[in-house]
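So the structure is just underneath, and the comments pick up after that.
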Amino acid sequence: MHLNICHYKGKEQESQKGIKNRSMALQMSMELPQKGELVKQGAEARIYRRTFLGKPTIVKERFPKLYRHPILDEKLTHRRTVQEVRSILRCRKAGILAPVVYFVDYASHCIFLEDIVGSITVRDHIAAIHLARENREAHLGQLAQKMGQILARMHDEDVVHGDLTTSNMLLKSSAESGEIDLVLIDFGLSYISALPEDKGVDMYVLEKAFLSTHPNTEAMFEKLLKSYAASSKKSLAVIKKLDEVRLRGRKRSMVG
Amino acid sequence: MMHLSQQLELFPEFTVTQLLFKDVKNAVELRKNAVDGLIKGALINPTMIVDPFQVLIATNKAVHLHKIGKMKTKSLYSEIIFNLLPTNGISEAFKRFGISDRDECVLVVLVHEGEDAQLLADVVAMVAGQQIPVEDVSSLTDSAKIKKLYKVPPQECGSLLDAVVCRMATKDVMQN
């Protein structure tokens, strides 16, 4: 008589569960080397770093969300993938830096993008500036100026990013000029709109994210808006809408 | 070693090899061989190619679509040529990127399993021309023609290769 045979139903179920978990774990560990090095696991997507056709590449995989209805999930995921890729090309055509798209796998919702090697997020950069002793204001001012300019150009192209945060902006040193380039990423929630309201909301999202992530940067954000206003031909209406949206926020008195 | 081989990371059973020839005297014969299926590869007009990477991108996409049964053309090789075009018209792809009877330069793209020295030797023997390093393709590139075809505006950021690759990768979802 084998020692492994379980006479009790409970134990049998348990061992079966064990087998299931193990095979799942095996599957996951077998998948990973093929996909590359996992860099980030977000709520929406997994980011991998790998080499693709000899070039350093980022793979953004929008995985299935089991908590959603499958048909809805497929539609939403597909749409986000398509929007991301369309907005990137649209921005690049207008001279706004975004990672080059190498390949899109619509079956698994994976986007293969240029890896901007040697870049850091604006978020990390601002944090680093705060830690440094000298020239804080000057550095932050320069950055704000640049950000305002780039966002103005983006909105003039009628591209609304949809998820503007300092983590979705990268800084890298330009190959030719040695200057700092600002690269926009993560266009999954982006869409095309000429409406000042949509652009105003875009800036509002950035403001909220900015001020909550980087304390005491109100002055810097003001500089950003000034630079935006100066660089965009359509900025007046947008800033007006931004002011309106600010009044609409939580815990605001709606006394008209 | 003048040819360039790259194993497809996503499809490791496939390797892509590119060979470049100039002073080609038998373009007519080569075209016929390609049409008859005697060459396990695509014949491309190298003046429309900016960099070998562009060809790899087109080939990777072709192999991917072939594997999931979603190619737009009838063969892997015609699919490679179709993928090079920034728009979705099939006959235009061959007109622009395929070789014509009068062409003197040819880029051959082979898709094969692992190392296949015999295949490469066969192709070199078939072409009546001088083989040159694939990297030299940039000296044959007609940038003005490419900029016009791909509609690259002057303010677009990045290199011409970036512009070309990005369009190739996104053309399925762009209105053209």
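On a predicted model such as this, the values are computed, not experimentally measured, just so you know. Side-chain atoms are counted along with the backbone in the values below, which use heavy atoms only and exclude waters and symmetry mates.
Counting heavy atoms of neighbouring residues, nucleotides and ligands inside a 6.0 Å radius, atom NZ of B/Lys25 exceeds 12 of them. No more than 12 heavy atoms of other residues, nucleotides or ligands shown are found within 6.0 angstrom of CG on A/Leu236. Within 6.0 Å of atom NZ in B/Lys32, 12 or fewer heavy atoms from other residues, nucleotides or ligands are found, so the atom counts as exposed in its surroundings. Enclosure of atom CZ in A/Arg79 is not indicated, since only 12 or fewer non-hydrogen atoms of other residues, nucleotides or ligands lie within 6.0 angstrom. The number of heavy-atom neighbours closer than 6.0 Å to CD of B/Glu13, taken from other residues, nucleotides and ligands shown, is above 12. Applying the 6.0 Å contact sphere to CG of A/Leu66 captures no more than 12 heavy atoms from other residues, nucleotides or ligands. Under a cut-off of 6.0 angstrom, the local environment of CZ in A/Arg46 is crowded, with over 12 non-hydrogen atoms contributed by other residues, nucleotides or ligands. A/Lys40 NZ: 12 or fewer foreign heavy atoms inside a 6.0 Å radius.
Annotation: maximal heavy-atom pairing with chain A below 4.5 Å, among B/Thr170, B/Val16, B/Val152, occurs at B/Thr170. The candidate with the highest count of non-hydrogen atom pairs below 4.5 Å against chain B, out of A/Val104, A/Ile111, A/Thr51, is A/Thr51. Chain A forms more heavy-atom pairs under 4.5 Å with one residue of B/Pro153, B/Cys157, B/Ala169 than with any other, namely B/Cys157. Annotation: maximal heavy-atom pairing with chain A below 4.5 Å, among B/Ile68, B/Thr59, B/Leu10, occurs at B/Leu10. When the candidates B/Lys61, B/Glu9, B/Gln155 are compared by the number of heavy-atom contacts under 4.5 Å with chain A, B/Glu9 comes out ahead. Residue with the most contacts toward chain A among B/Asn60, B/Val165, B/Leu65: B/Asn60 (heavy-atom pairs, distance under 4.5 Å).
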Side chain to side chain contact (heavy atoms under 4.5 Å, CB included) between A/Leu53 and B/Leu8, intermediate numbers included: CA-CA 6 Å; A/Leu53 303 178; B/Leu8 295 180; 3.6 Å; yes

Verdict with supporting geometry, B/Met168 and A/Tyr102, side chain to side chain contact (heavy atoms under 4.5 Å, CB included): CA-CA 8 Å; B/Met168 284 166 56; A/Tyr102 290 155; over 6 Å; no

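Closest of all the heavy-atom pairs between B/Val173 and A/Arg86 is O-NE, 2.6 Å.
No side-chain heavy atom of B/Met174 sits less than 4.5 Å from a side-chain heavy atom of A/Val85.
For the pair A/Lys55 and B/Phe53, the cation-pi criterion (under 6.0 Å, within 45° of the ring axis) is fulfilled.
The only option from A/Glu114, A/Lys93, A/Arg92 that meets the side chain to side chain contact (heavy atoms under 4.5 Å, CB included) definition with B/Cys166 turns out to be A/Arg92. The ring-ring contact (aromatic ring centres under 6.0 Å, His included) test with B/His64 is passed by exactly one of A/Phe52, A/Phe112, A/Phe103: A/Phe103.
At a 4.5 Å heavy-atom cutoff, the contact between A/Ile96 and chain B is made by backbone atoms alone.
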